[in-house]
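Below is one structure; the comments refer to it alone.
For reference, positions follow the sequence shown, starting with 1. Just so you know, these numbers come straight off a predicted model, no measurement behind them.
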Amino acid sequence: MNLQRSCAALLLLAMCFFTLLYMGLLKFTARGNFAFNFKKESTDPPMTHNFCIFKPLPPADALEEQLLLNSTAWPETPFVPSPLLLGQTSDPAHSIFTILPRRGGGEWHVGDQLEVLIKIYDHQGHAKKSGGDFLLARLHSKSLGAGVTGRVVDHLNGSYSAVFPLLWEGSTQVEVIFVHPSEAVTVLRRLNKDLPDRVLFEGNFHSRLLSERTTCNVCLRQTDQSQCNYTDPRTGEPWFCYKPQKLGCDSRISHMKTGYKKAIKAEEEKLFQGGLNMKVNMKASGPDSVTVLPQRKEQQVEEDRRKLGLSGYYYKDVWRPLDGTRVQQFNNSSAISQCLKGKTLYMYGDSTMRQWFEYFTASLPDAKVVDLNSPSQAGPFMIWDNSNKFLVTYRIHGLPLRIHIIPTSKESYVANELDGLYGGSNTVVVLSIWAHFSTFPIELYIRRLQNIRRAVVRLLDRAPGTLVVIRTANLQYMTLDNVMSNGDWFSVQVDQVLRAIFKGLNVRWVDAWEMVQAHHLPHDLHPQPPIIKNMINVLLSYICPKKGS
């Protein structure tokens, strides 16, 4: 009897143990002990199931991925309660920036560094005690057509610094842009984990008299419906569609974007109000400009400029790189044609790359445009100049693509395209791959760029004379609708990854981020013509470098 009671007690104890373990109220600590883990249901954010999981990487790629994730991690941001208390969130109207006195005192000169202190307050006028707000800074003189970006440092206590190089003489003004409060960043950083499928894609399937459409994406939620696997066999790039009811997977004929899911709650929309707390210019406490005198004779400025890590600045509306590149001005079709003479220019990417192709189309009236009945957004397109024997091509990158429609026959991954190039001293490759990846976990973008980098390395190994140029991401005009799909916070994440993955490789850069931010024109996903002209001049200066540069 005693033995039976003991067994029953042990059985009951075991049942309680496993029940607590299953409910998450018991956890195993790092020291090897068990500890109770009681949760407060009213304050902890709800747990979500991350259904978008990628295949394991080889050890070296996995290590790089983790290092990239660590290096691009945003500072911790506050939990957003429900109901949302807007009064306790960061407010640009109450926040201020202050130009600090010159170190060592005295007047400002070209070659000095200007430092600005930024203090963030909430809507009730209380100083914030944590970081994570998204801020931009610019130094500019509209009368001189001059502008340069500032490097913003988050001190994680509600204060920030912005540092600028002083590069021109005269009166120059500081501009601090409050892009998002830290609470809005909390919402945004959640989306790519919880709703990586918030852009709606469909595949069109057709065979004789039958047609069907099903949902497609990088990751599909598990249902009773079978899935078609369209993962690229060479690169491993994932793509899936739910299998049609009557047709086979091999009957897919086209891809299209059909819309967007609602991504945030109604009360969270308060965090994304243009003119109130999204992309708002902050006010200065005191002067917002300084007068800059000529450079001191004994002053050395090159090393200080390099420390800031800036790529260039505008003066008289012309982009001037800080890496020593001498940018020429290609102001007419003859100058562009002479630079491209005998060259083949391959351009791959999204619509920000197609914008460059369209610039060449408009600037080269004597060249023949060939589109081979290609879809208007996707290509492939070609410009052929028979007299100067040059070819310019454009092709959109592979899925995911937020475009109206593209036939499956036109889908092509950039790494595969690069592997098909012969390369050489008369070959130029330009890449702009970023905007369509902003709604997905950053791991997808890292893996895409790892594949492309390997293809670039192979190309440069077999044809070292090939010129490879990379266009970075850029800022854009933001509304409540587009901030969820292509806003600046997502863009800055992919931009950091892009720069890190190609760092140290024999490639050249067109820094679209700084070229858009430093210019006086409004931010735009597709920058306005004066900015594009400067970008093309940088590209052509790489292709046809001036002697001595």
Side-chain angles (χ1 to χ4, degrees), residues 52 54-55 196-221 223 225-261 346-354 357 369-382 393-421 429 431-440 444-445 447-449 451-452 455 485:
C52 198
F54 302 103
K55 292 176 63 175
D197 57 347
R198 61 186 180 275
V199 182
L200 302 176
F201 301 108
E202 287 188 353
N204 294 323
F205 297 80
H206 181 80
S207 179
R208 296 187 180 183
L209 299 179
L210 288 179
S211 293
E212 292 185 69
R213 286 164 56 173
T214 70
T215 298
C216 305
N217 216 310
V218 169
C219 304
L220 293 177
R221 297 175 187 267
T223 67
Q225 194 171 356
S226 299
Q227 296 183 12
C228 297
N229 186 348
Y230 299 107
T231 299
D232 183 68
R234 292 184 63 186
T235 63
E237 302 292 356
W239 193 256
F240 302 90
C241 295
Y242 290 121
K243 188 178 181 301
Q245 296 294 324
K246 298 178 181 179
L247 295 174
C249 293
D250 58 357
S251 62
R252 176 175 166 268
I253 61 168
S254 63
H255 160 85
M256 61 192 303
K257 183 206 79 175
T258 58
Y260 298 89
K261 292 181 181 179
Y346 298 98
M347 297 192 291
Y348 302 104
D350 51 40
S351 59
T352 63
M353 187 86 284
R354 188 178 70 242
F357 181 86
V369 179
V370 183
D371 67 12
L372 301 176
N373 295 317
S374 298
S376 60
Q377 292 181 303
F381 304 128
M382 296 184 292
T393 75
Y394 165 76
R395 185 165 198 158
I396 202 166
H397 65 69
L399 303 176
L401 291 171
R402 297 197 298 265
I403 63 174
H404 174 61
I405 192 165
I406 179 173
T408 56
S409 61
K410 303 294 184 181
E411 295 173 0
S412 183
Y413 290 100
V414 171
N416 294 337
E417 290 290 318
L418 295 179
D419 283 339
L421 299 184
V429 173
L431 306 175
S432 179
I433 302 158
W434 60 278
H436 293 257
F437 292 85
S438 56
T439 59
F440 299 99
L444 175 70
Y445 187 61
R447 290 158 188 243
R448 179 64 57 89
L449 292 188
N451 277 328
I452 293 173
S485 58

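- In this structure, N217 CG and R198 CZ are separated by 10.5 Å, a value rounded to the nearest 0.5 Å.
- In this structure the side chain of V218 reaches within 4.5 angstrom of the side chain of F54, judged on heavy atoms.
- We find the CD1-CD1 distance between I396 and I403 to be 4.5 Å, quoted to the nearest 0.5 Å.
- Side-chain contact check for S251 and S207: no donor-acceptor pair (N or O, by modelled atom type) lies under 3.5 Å.
- Going from atom NZ of K246 over to atom CG of L210 covers 6.5 Å, rounded to the nearest 0.5 Å.
- A 6.0 Å sphere centred on NZ of K55 holds no more than 12 heavy atoms belonging to other residues, nucleotides or ligands.
- Between F437 and Y445, the ring planes are tilted. Angles from 30° to 60° get that label.
- Here the side chains of S351 and R402 are not in contact, with every heavy-atom distance at 4.5 Å or above.
- Side-chain contact between T258 and R213: present, with at least one pair of heavy atoms (C-beta onward) separated by less than 4.5 Å.
- Side-chain contact check for I253 versus P407: every heavy-atom pair is 4.5 Å or farther apart.
- Using cut-offs of 30° and 60° on the angle between ring planes, the pair F201 and W239 is perpendicular.
- Cysteines C216 and C241 are disulfide-linked, with SG atoms closer than 2.5 angstrom.
- Contact between S254 and T408 at its shortest, heavy atoms only, is N-CG2, 3.5 Å.
- Of the possible donor and acceptor atoms, one in the side chain of Q377 sits under 3.5 Å from a partner among the backbone N and O of H404.
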* Give the C-alpha distance, both sets of side-chain angles, the deciding distance and a yes or no for side chain to side chain contact (heavy atoms under 4.5 Å, CB included) between V429 and Y348. => CA-CA 8 Å; V429 173; Y348 302 104; 4.3 Å; yes

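- Rounding to the nearest 0.5 Å gives a distance of 10.5 Å between CZ of F240 and SG of C228.
- Here the closest non-hydrogen pair linking T393 and M382 is CG2-CG, 3.9 Å.
- Side-chain contact between D350 and H397 is present, with heavy atoms from C-beta onward closer than 4.5 Å.
- Atom CD1 of I406 and atom CG of L399 lie 7.0 Å apart (nearest 0.5 Å).
- At distances below 3.5 Å, at least one donor-acceptor pair connects side-chain atoms of Y394 with backbone N or O atoms of G349.
- Pairing each heavy atom of F205 with each of C249, the nearest pair is CE2-O, 4.0 Å.
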* To do: Before giving the answer on side chain to side chain contact (heavy atoms under 4.5 Å, CB included), spell out for F357 and R395 the whole-Å C-alpha distance, their side-chain angles and the decisive distance to 0.1 Å.
  => CA-CA 10 Å; F357 181 86; R395 185 165 198 158; over 6 Å; no

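- Considering CZ of R354 and OG of S432, their distance stands at 11.0 Å, rounded to 0.5 Å.
- The side-chain contact (heavy atoms from CB on, under 4.5 Å) test with T235 is passed by exactly one of V414, D419, N451: N451.
- Of the listed residues (E212, E411, E202), just one forms a salt bridge (charged side-chain N to carboxylate O under 4.0 Å, His left out) with R252, and that residue is E411.
- Side-chain contact between R448 and Y413: present, with at least one pair of heavy atoms (C-beta onward) separated by less than 4.5 Å.
- Remark: the backbone N or O of K243 is paired with a side-chain donor or acceptor of Q225 at under 3.5 angstrom.
- Counting heavy atoms from C-beta on, the side chains of K261 and L200 come closer than 4.5 Å.
- Contact detail for P375 and F381: the closest heavy-atom pair is O-CZ, 3.2 Å.
- M256 places a side-chain heavy atom less than 4.5 Å from the side chain of N204.
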